[in-house]
Amino acid sequence: MIRKFLRRVFRRDTSHSAEPALIPVALHGISRDRVSPASRRICTVLQEAGFRAYVVGGAVRDLIAGIAPKDFDVATDATPEQVRQLFRRSRIIGRRFRIVHVMSGPETIEVSTFRAHLSDDASTDEHGRILADNVWGSIAEDATRRDFTVNALYYNPTDETVIDYHHGVGDLKQKTLRIIGDSQARYREDPVRMLRAIRLATKLDLVIDPVARAPIRELADLLGNVPAARLFDEMLKLLTSGQSVGCLKRLREEGLHKGLLPLLDVILEQPQGERFVWLALENTDERVRAGKPVSPGFLFATLLWHEVLSNWEARKAREEPLQPALFEAMNEVLDQQAEQLAITRKISADIKEIWALQPRFERRSGKTPFRLLEQARFRAGYDFLRLRALSGEIALEIPEWWDRFADANPEERGVLLQPERDPGARNKRRRRRRKTPGEGLPETNT
Ligand code: ATP
Ligand code: MG
């Protein structure tokens, strides 16, 4: 009996999903106290009002895989209006994909209504990408609409069972990322699923099923057709997943890195730029894994820095004045970027701030170092400087000097400061001393 049950749960055939497997807690291991209080409460309230309601998607998958979920989403057969009526602190959001945000204690839970199968007259663009998705359906239809089998799991906190239409629990235990339905069609409907495949496979250490993997290279260009803001959100998820190094390596292997960040492919092929980018990403991964915050501005500043450097070098070669040339280079790189990936205004301001601070770290005389220490973004600028030094772009001696200067008392600082020279002599000296290409950053008069 048990064997028959296990066979049903772990069977590999994914074509039928009429009858879901009902997997008991003994097999999946999620006791109700492992889901967040808010998601539990929301399921109870909805169920007591006569609706079906489950914790769904990434949270169930992560709990089974032994990872702490990032967030808990709920799926229900109640419409957004019905959900809205049951929870005082809630609001309906989204137009093309309407869901409800329910606030409970410190948590905000996304509650979505089961989606129906896509009809033939569904709203799509000329490549087949879904544009609107507000037709409600059954839980079985909803499961079929999800991207990968491991994401189509519904957990009922009331009886602690997992409802599994597509053998997601079995796939997860067998470490396979399997797409639901026809892989080509699913990527055409939403090309971001290709990026999700890479991110989830890396995060959960899954092998991407050959059927899901094969079309990626061929369809990679469809990402060019995804709205820039959506691509930015997904890239940010990927880069702050704590596995960015692994994800980007896999993106490159699958031919998906092109066009996501302008010339990321080129950057990754320049020895110095590549070293810098990987160091920055390793550093970010460590921070994420240690539970420290990471700033998107810092992250994108590192990814695009070598673009700025080479743009700036070209301008310097054309004898443009140093400081304005840097600002022109920064703007040009960010504008070029905006076409593909919509970096928000706030993040782009953060990026510019970090870049603009860099030349000021080279100035170690007069009042500049004191003013720099007081800058709100000193720490971010300094961390960036350090990465530049570790990658071999500038001398390590520069961040080391700043370490000493930041820790010193006023008297020691006076000793550390370099004597002021007239700008002409200083520049000549610097030119002679220059060893590595990036070392010639100007001393600014800001
Ligand atoms: P994580 O939260 O770790 O980033 P996730 O799988 O939970 O991963 P979400 O964006 O939170 O990702 O999505 C929640 C669920 O919604 C997914 O588990 C999946 O079932 C469904 N989903 C998300 N994006 C898509 C998509 N592009 N196509 C189909 N289903 C999707
Ligand atoms: Mg999630």
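The basis for the numbers below is simple: all heavy atoms, side chains too, and nothing from hydrogens, waters or symmetry mates. Values in this document were obtained by computation on a predicted structure and should not be read as measured data. In listed order, ligands and their atoms are each counted from 1.
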Open item on the list: Under a 3.5 Å threshold, yes or no: a donor from one side chain and an acceptor from the other, between Trp305 and Glu393?
Closed with: yes

Task: Residue, atom name and distance, where the atom is the protein heavy atom closest to atom 7 (O) of ligand 1 - done: Gly58 CA, 3.2 Å

Open item on the list: So if I count the atoms of ligand 1 from 1 in the order they appear, which ones are less than 4.0 Å from some heavy atom of Asp71?
Closed with: 2 (O)

Open item on the list: So, regarding Lys237 and ligand 1 (criterion: nitrogen or oxygen to nitrogen or oxygen, under 3.5 Å), is there a contact or not?
Closed with: yes

TODO: Output the list of atoms in ligand 1 that are nearer than 4.0 Å to some heavy atom of Arg230, sorted by atom number.
DONE: 27 (N)

Open item on the list: Looking only at protein heavy atoms, which one is nearest to atom 26 (C) of ligand 1, and what is the separation?
Closed with: Arg193 NE, 3.6 Å

Open item on the list: Taking Leu373's backbone N and O only, do any of them form a donor-acceptor pair with Tyr382's side chain (distance below 3.5 Å, no angle check)?
Closed with: no

Open item on the list: For a quick check under 3.5 Å, do Asn283 and Arg287 share a side-chain donor-acceptor pair by atom type?
Closed with: no

- [ ] Just need the protein heavy atom nearest to atom 1 (P) of ligand 1, so name the residue and atom and give the distance.
- [x] Lys70 NZ, 3.4 Å

Open item on the list: Is the positively charged end of Arg377 above the ring of Phe384, judged by distance under 6.0 angstrom from the centroid and angle within 45° of the axis?
Closed with: no

- [ ] Considering heavy atoms of the protein only, find what lies nearest to atom 5 (P) of ligand 1 and give residue, atom and distance to 0.1 Å.
- [x] Arg61 NH1, 3.7 Å

- [ ] Give the atoms of ligand 1, by number and element, whose distance to some non-hydrogen atom of Gly57 is under 4.0 Å.
- [x] 18 (O)

Open item on the list: Quick test of your reading of the model: are Arg193 and Asp147 salt-bridged, counting only N-O distances below 4.0 Å?
Closed with: no

- [ ] Below 4.0 angstrom from a heavy atom of Lys203, which ligand 1 atoms are there? Numbered from 1 as shown, please.
- [x] 3 (O)

TODO: Would you mind listing which atoms of ligand 1 come within a distance below 4.0 Å of any non-hydrogen atom of Asp190?
DONE: 26 (C), 27 (N)

Open item on the list: Donor-acceptor pair, distance only, cut-off 3.5 Å: does the side chain of Ser241 make one with the backbone of Gln243?
Closed with: yes

- [ ] Check whether any heavy atom of Glu189 sits under 4.0 Å from an atom of ligand 1.
- [x] no

Task: Residue and atom name of the nearest protein heavy atom (relative to atom 30 (N) of ligand 1), distance in Å to one decimal - done: Asp147 N, 3.3 Å

TODO: Check whether the side chains of Asn156 and Thr161 place a donor and an acceptor atom closer than 3.5 Å, and report yes or no.
DONE: no

- [ ] For atom 15 (C) of ligand 1, grab the closest protein heavy atom and report residue, atom and distance to one decimal in Å.
- [x] Arg146 NH1, 3.6 Å

Task: Check: Thr176 side chain, Val207 main-chain N or O, donor-acceptor pair, under 3.5 Å - done: no

Open item on the list: If we ignore hydrogens and angles and just use 3.5 Å, is the side chain of Glu160 paired with the main-chain N or O of Arg32 as donor and acceptor?
Closed with: yes

Open item on the list: Main chain of Val333, side chain of Glu307: is a donor-acceptor contact present, judged purely on distance under 3.5 Å?
Closed with: no

TODO: May I ask you to decide if Gly242's main-chain N or O and Arg289's side chain share a donor-acceptor pair within less than 3.5 Å?
DONE: yes

- [ ] Report the nearest protein non-hydrogen atom to atom 22 (N) of ligand 1: residue, atom name, distance rounded to 0.1 Å.
- [x] Arg196 NH2, 3.7 Å

Task: Atoms in ligand 1 with a heavy atom of Arg199 nearer than 4.0 Å - done: 1 (P), 3 (O), 4 (O)

Task: Of all N/O/S atoms in Asp71, the name of the one nearest the Mg ion (ligand 2) - done: OD1

TODO: For Asp73, take its heavy atoms, then give the atoms of ligand 1 lying under 4.0 Å from any of them.
DONE: 11 (O), 14 (C)

